[in-house]
Amino acid sequence: MKASKLLQIIRKDLKDYPIEYLENKVTDERYKDPLTKKLAKYNTGIYKEIFSIEIEDDFEIKDNVIKNLRSDISFYFDKYAGGDELNKRFTQNISLYLALIAKKPLHPFSEDKKDDVYLFNNTYYCKGRVKYIKDERSLCRYCVCHNVSFSGIFF
């Protein structure tokens with residue numbers, strides 16, 4: 001499938017998602033966890049990017065990769081999130097966009113090497129990838145991040 005076609009499908013699937021819910025999580029004092037707020041801000045930005053970007057140099061994405069990524073996210077949600085269909089579809093679409101079109105990490109990142117996911121010299125790194133990629137049906141297999149060397153974990 002062409003990336004432009006996948007982007008059309010993602011936009012169609014996301015068009016009715018209540019993005020205000022995520023936008024509000026960023027400033028809502030009921031959500032104390034900074035990681036929750038950071039993820040809400042990242043995903044809100046990616047949602048907006050999906051609707052504003054145009055693919056200039058279209059490219060092919062293997063259908064089985066799309067199918068497998070959707071399936072692995074379904075596995076995760078069925079195991080840990082008790083069938084939350086709305087957020088499962090949101091996560092599937094955001095992840096498809098990030099991993100296969102934008103080629104960005106599935107998690108929020110910064111340019112600070114002290115963070116778990118960071119950008120350095122135009123390469124994304126994840127401190128947890130070496131551990132979590134071993135999980136059953138890990139989404140790390142789709143992420144653009146590289147493993148951090150042992151010494152890099154201590155930055």
Side-chain angles (χ1 to χ4, degrees), residues 1-112 115-119 123-129 131-146:
M1 172 182 308
K2 290 286 191 183
S4 58
K5 177 68 175 165
L6 178 58
L7 184 59
Q8 288 175 351
I9 292 168
I10 291 169
R11 285 176 176 159
K12 183 178 180 195
D13 282 355
L14 289 176
K15 71 178 174 59
D16 293 327
Y17 184 81
I19 195 63
E20 301 80 23
Y21 167 74
L22 266 187
E23 290 173 325
N24 292 336
K25 248 186 181 181
V26 176
T27 56
D28 191 328
E29 293 183 19
R30 292 177 293 174
Y31 298 98
K32 305 288 186 202
D33 180 28
L35 182 58
T36 298
K37 290 181 176 290
K38 192 174 185 178
L39 190 58
K41 183 177 182 180
Y42 184 62
N43 286 341
T44 298
I46 296 302
Y47 176 92
K48 291 176 179 178
E49 183 178 311
I50 286 169
F51 287 96
S52 66
I53 193 168
E54 294 300 328
I55 296 176
E56 294 178 16
D57 296 322
D58 213 355
F59 55 95
E60 196 69 32
I61 300 171
K62 293 180 180 179
D63 291 341
N64 65 329
V65 173
I66 296 167
K67 180 179 150 251
N68 290 344
L69 180 51
R70 282 195 188 276
S71 176
D72 289 344
I73 291 170
S74 290
F75 171 82
Y76 176 85
F77 268 80
D78 292 345
K79 187 171 183 175
Y80 299 107
D84 181 352
E85 287 300 316
L86 180 65
N87 284 315
K88 177 171 75 173
R89 291 297 290 176
F90 178 81
T91 302
Q92 284 175 335
N93 285 295
I94 292 287
S95 298
L96 284 167
Y97 173 75
L98 286 168
L100 305 178
I101 297 174
K103 311 256 193 277
K104 292 181 180 178
L106 299 177
H107 291 288
F109 64 92
S110 75
E111 293 185 6
D112 186 346
D115 286 341
D116 288 340
V117 182
Y118 62 90
L119 177 66
T123 302
Y124 297 103
Y125 293 93
C126 178
K127 293 179 181 176
R129 187 174 193 276
K131 174 184 176 185
Y132 296 116
I133 200 162
K134 297 174 185 172
D135 290 351
E136 183 180 9
R137 299 180 76 177
S138 172
L139 299 182
C140 295
R141 296 177 299 140
Y142 305 97
C143 189
V144 299
C145 287
H146 292 258

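Ser71 places no side-chain N or O within donor-acceptor distance of the main-chain N or O of Lys67, the cut-off being under 3.5 Å. Under the 3.5 Å distance criterion, the side-chain polar atoms of Lys41 are left unmatched by any main-chain donor or acceptor of Lys25. A distance-only check finds a donor-acceptor pair linking the side chain of Asn24 to the backbone of Glu20 [under 3.5 Å]. In this structure, the side chain of Asp58 does not engage the main chain of Lys2 through any donor-acceptor pair within 3.5 Å. Using modelled atom types, no side-chain atom of Arg137 and backbone atom of Phe75 make a donor-acceptor pair closer than 3.5 Å. The main-chain N or O of Phe109 is never found under 3.5 Å from a side-chain atom of Asp115 such that the two would form a donor-acceptor pair.
In this structure, the side chains of Leu69 and Gln92 stay at 4.5 Å or more apart for every pair of heavy atoms. With a 4.5 Å cut-off on side-chain heavy atoms, Leu98 and Tyr42 count as touching. You'll find the side chain of Lys88 reaches within 4.5 Å of the side chain of Asp78, heavy atoms only.
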Task: side-chain contact (heavy atoms from CB on, under 4.5 Å) between Arg141 and Asn68, worked out - done: CA-CA 11 Å; Arg141 296 177 299 140; Asn68 290 344; 5.9 Å; no
Task: CA sep, side-chain torsions, deciding dist, call: Tyr125, Thr123, side-chain contact (heavy atoms from CB on, under 4.5 Å) - done: CA-CA 7 Å; Tyr125 293 93; Thr123 302; 3.7 Å; yes
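Residues Asp116 and Lys38 are not paired through a salt bridge, judged by the lack of any N-O separation under 4.0 Å between the basic side chain and the carboxylate. Looking at Arg70 and Asp13, a side-chain N of the basic residue comes within less than 4.0 Å of a carboxylate O on the acidic one, giving a salt bridge.
Counting only N and O atoms by type, the side chains of Tyr17 and Asn93 include no donor and acceptor under 3.5 Å apart.
Each of Glu49, Arg11, Lys104 was scored for a side chain to side chain donor-acceptor pair (under 3.5 Å) with Tyr97, with one residue passing: Glu49.
The distance from the CG atom of Leu14 to the OH atom of Tyr47 is 6.0 Å, given to the nearest 0.5 Å.
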